[in-house]
There are 2 protein chains.
Amino acid sequence: MALEHAILVSLLEKPGSGYELARRFDRSIGYFWTATHQQIYRVLKRMESDGLLAVREMPQQSRPDKKEYCVVGPGRAALSQWLHESIQPESIRHELAVKIRGAAFDDPSVLIREVERHRQVHSDRLAHYLAGELRDFTGPAAPTLLDAGQELQYVVLRGGIAYERMTIAWLDDVLATLRRLGTSHPQA
Amino acid sequence: MALEHAILVSLLEKPGSGYELARRFDRSIGYFWTATHQQIYRVLKRMESDGLLAVREMPQQSRPDKKEYCVVGPGRAALSQWLHESIQPESIRHELAVKIRGAAFDDPSVLIREVERHRQVHSDRLAHYLAGELRDFTGPAAPTLLDAGQELQYVVLRGGIAYERMTIAWLDDVLATLRRLGTSHPQA
DNA sequence: CTTGGCTATGCAACGAGTTGCATAGAAGGA
DNA sequence: TCCTTCTATGCAACTCGTTGCATAGCCAAG
């Protein structure tokens with residue numbers, strides 16, 4: 001049910017349509033929770049029929065109408081209740097780590113390009129985060145005093161930055177290891 | 001299909017039964033890929049009928065019989081093929097980060113205990129990893145020269161250690177932020 | 001001697017997530 | 001003019017993952 005809660009948070013930060021949510025899930029919120037538009041539309045419909053959200057048809061010029069969703073009382077209450085529950089610490093699913101261990105049973109050097117590609121993606125994400133940090137929190141245009149919501153957004157962003165930095169450093173370690181092993185023969 | 005590949009890797013490292021795999025997925029492999037025993041039994045059955053695995057009934061004394069699975073030719077080929085394919089960099093699902101952003105719409109201090117609990121879990125995991133590192137790689141009983149398989153296991157373990165250290169530091173940052181915000185009123 | 005825990009396997013039902021496809025108007029470039 | 005891209009929503013089918021339950025023998029503690 002975590003998608004529901006991610007949607008509640010995102011809509012409380014700013015009401016919007018399914019389409020807009022889908023784009024947010026490609027950016028900001030999406031760095032910590034991903035979802036496709038199919039999932040979002042389906043869940044929005046359910047949440048609306050459960051009375052967590054209100055919907056308004058918004059006619060627009062020169063583009064299709066949209067349905068703008070907005071959190072109402074019971075939705076807020078549901079979020080609050082969830083905040084009071086405890087969740088179990090995330091279990092990572094790190095496919096690349098499985099691949100690296102699997103490389104012992106093939107030629108490890110086949111992974112070099114793959115790891116380089118991943119490194120590039122993480123490096124791009126880091127740059128994106130750092131740009132956001134400068135824009136919203138540390139740059140000249142940023143507010144000098146943050147409110148609670150901004151403080152919390154910033155601490156989450158700092159987490160993203162720390163994660164990407166750690167990952168890049170680790171991928172460098174992986175690359176060095178793969179190169180050191182060279183094109184050795186498969187074993188076991 | 002990633003569970004299939006994680007199972008192939010684990011069974012190549014050492015053949016075993018569904019039950020044994022389930023326990024491995026609570027430990028070593030499970031730090032990078034989780035699965036419940038239900039999932040594992042189901043997938044093992046499918047993989048066996050697809051000819052990726054061979055199974056032997058192993059009668060045991062003083063405990064139930066087990067079925068020991070072992071990777072055969074086509075399974076190895078499937079793994080090799082997967083290693084040559086590219087996967088998309090993982091999209092994290094960090095529920096706690098969603099909660100932290102959601103705390104802006106409630107009392108942020110309700111999260112303090114939750115975050116402390118998560119910190120404890122990560123701290124325990126780190127201790128577990130470090131013990132494994134000492135036992136298998138850096139301690140006096142460890143081999144002085146590692147083969148490729150051990151090198152790869154070690155680099156994955158180093159990733160786990162880096163991840164836990166980063167996470168603990170971030171959770172400390174989160175705790176400091178939550179405490180600084182105190183029991184301020186909900187906003188927005 | 002009964003209760004609870006460990007090994008060992010499995011079914012059934014449900015919910016979460018993915019992939020492919022479909023519609024439809026408007027804008028902009030080849 | 002046609003083709004693609006962007007906004008905007010949605011269905012259908014499928015796979016993946018979780019939860020609850022069931023069985024069954026052995027062992028150890030109370």
Side-chain angles (χ1 to χ4, degrees), chain A residues 1-8 11 15-27 29-30 32-50 53 55-69 82 85 87-95 98, chain B residues 1-8 15-27 29-30 32-50 53 55-69 82 87-95 98:
Chain A
M1 292 280 172
L3 178 55
E4 268 195 25
H5 301 118
I7 287 176
L8 286 172
L11 288 181
S17 68
Y19 187 81
E20 281 160 0
L21 278 173
R23 278 189 308 174
R24 286 185 219 172
F25 275 82
D26 282 337
R27 320 182 88 259
I29 276 273
F32 311 103
W33 203 267
T34 57
T36 60
H37 78 274
Q38 320 293 355
Q39 244 183 303
I40 291 167
Y41 283 122
R42 204 196 296 154
V43 173
L44 279 175
K45 195 163 282 187
R46 188 184 67 210
M47 290 170 77
E48 196 248 317
S49 81
D50 289 350
L53 303 178
V55 61
R56 275 186 310 170
E57 290 274 346
M58 306 280 280
Q60 299 185 109
Q61 319 113 303
S62 82
R63 55 184 59 182
D65 296 355
K66 67 176 181 178
K67 298 184 182 174
E68 195 174 79
Y69 290 89
W82 178 65
E85 286 163 15
I87 54 180
Q88 52 189 26
E90 15 70 74
S91 35
I92 320 168
R93 295 245 159 128
H94 209 313
E95 214 173 343
V98 177
Chain B
M1 290 279 172
L3 178 55
E4 268 194 26
H5 302 118
I7 287 177
L8 286 173
S17 67
Y19 188 81
E20 282 161 359
L21 277 173
R23 277 189 308 174
R24 286 184 219 172
F25 275 83
D26 282 337
R27 320 181 89 258
I29 276 273
F32 312 102
W33 202 268
T34 57
T36 61
H37 78 273
Q38 318 293 355
Q39 243 182 305
I40 291 167
Y41 283 122
R42 205 195 295 157
V43 173
L44 279 175
K45 194 162 285 188
R46 189 185 65 210
M47 290 170 78
E48 197 248 317
S49 81
D50 289 350
L53 304 177
V55 61
R56 276 186 310 170
E57 289 274 345
M58 305 281 280
Q60 298 184 108
Q61 320 112 305
S62 82
R63 54 185 60 183
D65 296 355
K66 66 174 180 179
K67 299 183 181 173
E68 195 173 77
Y69 289 90
W82 176 65
I87 54 179
Q88 52 189 25
E90 15 69 75
S91 35
I92 320 167
R93 295 247 159 127
H94 208 312
E95 214 173 342
V98 177

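Order of the sequence lines sets the chain letters (A, B, ...), proteins ahead of strands, with each chain counted from 1.
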Q. What's the closest nucleotide to the B/Tyr19 side chain, out of D/dG17, C/dT9, D/dA8?
A. C/dT9
**Q.** Side chain of A/Gln38 - closest among C/dG17, C/dG20, D/dA8
**A.** C/dG20
Q) Whole Å only: how far is the CD1 atom of B/Ile7 from the C1' atom of D/dC16? A) 13 Å
Q: On DNA chain D, check which nucleotide each of A/Glu20 and B/Ala2 is closest to and give me the residue with the more 5' one.
A: A/Glu20
Q) Nearest to the side chain of B/Arg93, which nucleotide is it out of C/dG10, D/dT9, C/dG17? A) C/dG17
Q. Out of C/dA8, C/dA16, D/dA8, which nucleotide sits closest to the side chain of B/Arg23?
A. C/dA8
Q.
Side chain of B/Arg42, heavy atoms from C-beta onward: which of D/dT9, D/dT18, C/dG17 has the nearest atom to it?
A. D/dT18
Q. For A/Lys45 and D/dA12, what is the distance between atoms NZ and P respectively, to the nearest whole Å?
A. 11 Å
Q: Looking only at side-chain atoms of B/His37, point me to the closest of D/dC16, C/dT9, D/dG10.
A: C/dT9
Q) How many Å lie between NZ on A/Lys66 and P on C/dT23, as a whole number? A) 25 Å
Q. Is the backbone N or O of A/Thr34 less than 3.5 Å from a side-chain atom of B/Arg93, with the two atoms forming a donor-acceptor pair by type?
A. yes
Q. Quick one: is B/Ser17 getting a side-chain N or O under 4.0 Å of the C/dT9 phosphate, OP1 or OP2?
A. yes
